[in-house]
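Shown next, in structure tokens, is the structure this report addresses.
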Protein chains: 2
Amino acid sequence: MKPQQKSAYHHGDLKEALVEATREIIESEGLDQFTMRESARRAGVSHGAPAHHFGDKTGLLTELAVQSFEARVAQSEAYMAEAGDDPMARLRACGLAHIDYTIRHPRLHELCSRPDMTNRDDPHLQAVITRMSEMLIATMSEVAGHELKPEKEANPETLLALVVVHGFAALVNDGMILADVPDAERPARARVLAEGVMGLLEKAFRAPRE
Amino acid sequence: MKPQQKSAYHHGDLKEALVEATREIIESEGLDQFTMRESARRAGVSHGAPAHHFGDKTGLLTELAVQSFEARVAQSEAYMAEAGDDPMARLRACGLAHIDYTIRHPRLHELCSRPDMTNRDDPHLQAVITRMSEMLIATMSEVAGHELKPEKEANPETLLALVVVHGFAALVNDGMILADVPDAERPARARVLAEGVMGLLEKAFRAPRE
DNA sequence: ACCTTTATCTAGACAGCGACAAGATTGGGG
DNA sequence: CCCCAATCTTGTCGCTGTCTAGATAAAGGT
């Protein structure tokens with residue numbers, strides 16, 4: 001019953017092994033270096049095996065994208081739990097968590113933001129994205145003091161928060177800032193900069209009634 | 001001397017024709033649909049012809065990226081010239097110009113932000129990116145009232161401006177907002193939202209001395 | 001006018017890719 | 001015990017990017 005290779009056939013947990021191999025390829029070599037055949041090679045199976053579990057290339061990548069989103073949400077929940085009960089502190093923690101995850105896993109984030117490589121109609125993918133959106137709206141609602149509409153573009157504060165988190169991480173990953181900083185130090189340096197930007201932002205947040 | 005096809009050989013302006021074909025493929029079909037062979041087909045030459053002018057796939061895409069950056073910078077300059085002399089108005093125009101270009105040409109912007117598909121060491125590419133950065137710093141310096149350092153991460157205001165422009169456009173192109181709006185209306189709708197966000201932001205900008 | 005040089009483009013080959021189909025192997029339910 | 005369904009292999013197809021050698025045409029010197 002162990003998920004070891006009992007024989008050439010019936011690997012035991014090939015599906016997860018393929019996803020894991022794919023994650024390793026993408027995180028170390030980059031998204032364009034991934035091929036189904038290379039994943040099969042690393043899992044020690046033939047080049048046609050992955051198709052049986054995932055249908056096609058998009059299917060495999062979609063499964064990895066789902067797992068990445070879940071890890072992102074989990075990290076965000078952990079940061080927020082650590083932040084205590086103050087709504088603004090929880091919002092900051094949420095933003096910093098997303099920025100941190102995006103910078104620590106730039107290739108996975110790239111995968112997650114590429115509709116041409118993932119199946120946007122996949123129910124698991126839709127579910128985790130929905131869950132992530134609801135988390136944000138709930139957090140923003142606590143700060144606002146009343147229930148906000150689920151449409152993110154409905155109120156400028158939600159939009160601004162999204163824009164800053166998304167934009168800051170993208171700026172780092174696109175090499176427009178902190179490009180010369182070693183990878184290991186980048187998350188810490190980014191956090192300092194992000195806190196500075198967020199400090200500036202709170203002026204805009206604390207005076208919502210003009 | 002006309003750049004028409006004088007004969008099968010010596011197209012006359014094949015290099016530019018290939019770049020143009022590549023632009024059309026990418027803007028209409030997407031970045032992953034582009035192949036050197038398809039560009040050659042559209043230009044009416046053999047599959048090996050592009051390599052002579054660009055070396056390899058990256059060379060061709062780099063040339064297109066350079067042209068895209070130049071168009072972006074040109075549009076930004078036009079918006080700013082139209083905005084008059086007020087520094088804050090010029091900064092707003094600069095930001096709106098970048099957002100507009102990014103949303104109108106999402107595939108080209110994707111190309112420009114993918115180091116794995118373009119040669120970052122290309123001198124033309126470096127030149128136009130440098131020119132773009134200098135424009136931003138100069139514009140921010142006018143607003144600040146004194147000369148800012150060229151490092152974008154040096155002062156929070158510059159960073160925040162970058163973050164918001166970059167992030168807003170990315171949010172739209174990633175389908176996280178305005179996803180249900182038809183392509184034709186999206187730039188106009190985005191502009192309204194962007195002006196709203198920028199209005200919120202000016203509170204943070206107008207009180208730089210805490 | 002001729003001939004050579006050089007830039008340009010063609011044509012063919014190669015390995016690697018994703019997808020598909022057909023077959024081999026294995027484990028579990030009747 | 002046996003058959004069935006799930007799992008994995010093997011071979012094939014058209015496509016890709018890149019490399020090579022060769023064909024063609026324009027330009028320039030004499």
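Values below: all heavy atoms of this structure, side chains included; hydrogens, waters and symmetry mates excluded. Note on naming: letters A, B, ... go to the chains in the order of the sequence lines (proteins, then strands), and numbering restarts at 1 for each one. Predicted, not measured: the structure shown is a model, and the values here were computed from it.
The distance from atom CD of B/Gln33 to atom P of C/dC17 is 19 Å, rounded to the nearest whole Å. The interatomic distance linking B/Leu18 (CG) with D/dG17 (P) rounds to 13 Å, in whole Å. Remark: C1' of D/dC15 and CD1 of B/Ile25 are 15 Å apart, rounded to the nearest angstrom. To the nearest angstrom, P of C/dT10 lies 13 Å from CZ of B/Arg41. In this structure, B/Leu61 places its CG atom 15 Å from P of D/dT16, rounding to the nearest Å. Atom pair B/Glu29:CD and D/dC15:P shows a separation of 16 Å (rounding to whole Å applied). Atom CG in B/Asp32 sits roughly 12 Å away from atom P in D/dG17 (whole-Å rounding). Residue B/Leu14 contributes atom CG, which lies 12 Å from atom C1' of C/dT10 at whole-angstrom precision.
Note on B/His52: every side-chain N or O is 4.0 Å or more away from OP1 and OP2 of C/dC9.
Few gaps surround NE2 on B/His53; more than 12 heavy atoms of other groups in view lie less than 6.0 Å from it.
Annotation for A/Asp122 and A/Val66: closest pair OD1-CG2, 4.2 Å, computed over non-hydrogen atoms.
Between A/Glu77 and the options A/Arg131, A/Arg90, A/Arg72, a salt bridge (Lys or Arg N to Asp or Glu O under 4.0 Å) holds for only A/Arg131.
Here the CG atom belonging to B/Leu193 is positioned 12.5 Å from the CZ atom belonging to B/Arg191, to the nearest 0.5 angstrom.
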Using nucleotides 18-22 of chain C, report all nitrogen or oxygen pairs with the protein that are shorter than 3.5 Å.
{"residue": "C/dG18", "atom": "OP1", "partner": "A/Met36", "partner atom": "N", "Å": "3.0"}
{"residue": "C/dG18", "atom": "OP2", "partner": "A/Met36", "partner atom": "N", "Å": "3.3"}
{"residue": "C/dG18", "atom": "OP2", "partner": "A/Arg37", "partner atom": "N", "Å": "3.4"}
{"residue": "C/dG18", "atom": "N7", "partner": "A/Arg37", "partner atom": "NH1", "Å": "2.4"}
{"residue": "C/dG18", "atom": "O6", "partner": "A/Arg37", "partner atom": "NH1", "Å": "3.3"}
{"residue": "C/dA19", "atom": "OP2", "partner": "A/Lys57", "partner atom": "N", "Å": "3.0"}

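Of the charged side-chain nitrogens involved, none lies within less than 4.0 Å of a carboxylate oxygen, so that B/Arg104 and B/Glu27 do not count as a salt-bridged pair.
At a threshold of 4.5 Å between non-hydrogen side-chain atoms, the residues B/Leu31 and B/Arg114 count as touching.
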